[in-house]
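None of these values were measured; they are calculated from a predicted model. The chains referred to below are lettered A, B, ... by the order of the sequence lines, with proteins before strands, and numbering in each begins at 1.
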Protein chains: 2
Amino acid sequence: MSLPSSSLTKVIEEYIAQLLDENEDGEVSLRRKDLAERFGCVPSQINYVLRSRFAPENGFLVESQRGGHGYIKVIQLTFNNCDEEVVHLADLVGNAITEQEARKLLVNLQNREVISPRERLIIEVALRSQEENGRSLFDVSPYRRDLMRAELLKKILTSLALG
Amino acid sequence: MSLPSSSLTKVIEEYIAQLLDENEDGEVSLRRKDLAERFGCVPSQINYVLRSRFAPENGFLVESQRGGHGYIKVIQLTFNNCDEEVVHLADLVGNAITEQEARKLLVNLQNREVISPRERLIIEVALRSQEENGRSLFDVSPYRRDLMRAELLKKILTSLALG
DNA sequence: TTGTTATTGACTTATACTGACCAAAATTAT
DNA sequence: ATAATTTTGGTCAGTATAAGTCAATAACAA
């Protein structure tokens, strides 16, 4: 049975994450070309990793500058107060969210230790239950279920952030 | 006893369960296509097995990724709580439960540190959300809401007990 | 029969990665 | 100074890959 091979993206992601860990100010500067060379890939692959792994929804900001002495800076986000975090989380969920997106978000939040595995489990049970009820008991349309899912998720995450 | 034993689903379920047992960390990564090939079925059959057997209600979390280097990860959560007790409490919930009774139960569980304050918060938000939807969106009768509340509560408590 | 569970396959969506082309900032030449 | 050149990084579309969804059907249990 072939196990999933580690992807380039993942390797690069872990490398950058490690650099961030080593730097206690939660930011690190990179050279796109150097990184690409180190991992034997095309430079735009780095952009892909940044876009898909170090996006704001994952709790990061990226700044960059072109030209001579250009750089890419990856910054780990931190929140000063609960309200900021609530707003951020609500933004991430948005008005409507699919099952897939919701699950991805929860994985993310757990990885970032915003929620515990147990908490994630409870939330998934709650979402699934609502989905089931909406689908088979009340005949709610798929899009409306996405709306309801977003509502519930936001309520839960908000309560956690404010609690 | 309902033994809806269809061999395929059961065989796949047992195979995944065995992989989980063998792995110390209680998680395993799969390739949907490989699994389907191994058991000579269509790939979506795997989704069926995961949905019906490795659901959060049963104490499992499933993460997945599509596309290149895609995978499916099944995680078996294991908590060191006294699960007989929680199962017993699921019995206590019964067929139907009122808001007040549910709240009392949750307070009790929190006092005995079976659940954390945050977990209780999530559960209460989920219950209240379902209550609201049932009441104002779907016009569910009070008694039926008590039934649904019991269902959700039991699902959540069971998921924690199985973990 | 009747309702639930299992199985399939056609169709949809998401992710990884590359390469050609674009844009901006610094350096150098005129 | 200013223009040309060099040094960076950015974008986008294309290709390949892998998982998810849904509805129809089959098998089974009550």
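Judged by distance alone, the side chains of R112(B) and N108(B) do bring a donor and an acceptor atom under 3.5 Å apart.
Among the heavy atoms of the strands lying under 4.0 Å from L8(A) are primed sugar atoms or P, OP1, OP2 only; no base atom is included. Using a 4.0 Å heavy-atom criterion, one finds that I72(A) contacts the sugar-phosphate atoms exclusively. Among the heavy atoms of the strands, none lies under 4.0 Å from K10(A).
Applying the salt bridge (Lys or Arg N to Asp or Glu O under 4.0 Å) test to every pair with at least one member in residues 125-145 of chain A, sequence neighbours left out, gives these pairs: R128(A)-E57(B), E131(A)-R135(A), E131(A)-R145(A), E131(A)-R149(A), E132(A)-R135(A). The salt bridge (Lys or Arg N to Asp or Glu O under 4.0 Å) analysis of residues 16-38 of chain A, with sequence neighbours excluded, yields the pairs E27(A)-K73(A).
With sequence neighbours excluded, no residue forms a ring-ring contact (aromatic ring centres under 6.0 Å, His included) with H69(A). Residues passing the ring-ring contact (aromatic ring centres under 6.0 Å, His included) test with Y71(A): none are found, sequence neighbours excluded. Evaluation of the side chain to side chain contact (heavy atoms under 4.5 Å, CB included) rule for T9(A) yields S7(A), Q45(A), Y48(A), V49(A), S52(A), R53(A) as partners, not counting sequence neighbours.
Nearest to the side chain of Q45(B), among dC17(C), dT15(C), dT8(C), sits dT8(C).
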Give the table of side-chain donor-acceptor pairs shorter than 3.5 Å for residues 153-163 of chain A, with sequence neighbours excluded, one pair per line with atom names and distance.
{"from": "K154(A)", "atom 1": "NZ", "to": "G94(A)", "atom 2": "O", "distance (Å)": "3.0"}
{"from": "T158(A)", "atom 1": "OG1", "to": "K154(A)", "atom 2": "O", "distance (Å)": "2.6"}
{"from": "S159(A)", "atom 1": "OG", "to": "I156(A)", "atom 2": "O", "distance (Å)": "2.7"}

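Hydrophobic cluster membership for L147(B): Y143(B) (Ile, Leu, Val, Met, Phe, Trp, Tyr linked by side-chain heavy atoms under 4.5 Å, directly or transitively).
The existence of a salt bridge linking E119(A) and R118(B) is confirmed by a sub-4.0 Å separation between a basic side-chain nitrogen and an acidic carboxylate oxygen.
Rounded to whole angstrom, the span from the CD1 atom of I12(B) across to the P atom of dT5(C) amounts to 18 Å. Separating the CD atom of E132(A) from the P atom of dC22(D) is a distance of 11 Å, rounded to the nearest angstrom.
At a cut-off of 3.5 angstrom, counting only N and O atoms as typed in the model, there is no donor on one side facing an acceptor on the other between the side-chain of S64(A) and the base of dG10(D). Judged by atom type and distance alone, R32(B) reaches the base of dG20(D) through a side-chain donor-acceptor pair under 3.5 Å.
Phosphate contact (OP1/OP2 of dT7(C), side-chain N/O of T9(B), threshold under 4.0 Å): present.
For the segment residues 47-57 of chain A, the set of residues with a heavy atom within less than 4.0 Å of an atom of DNA chain C comprises Y48(A), R53(A), in numerical order.
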Contact letters for nucleotides 23-30 of chain C, in which S counts primed atoms plus P, OP1 and OP2 and B counts the base, heavy atoms under 4.0 Å: BBBSS---
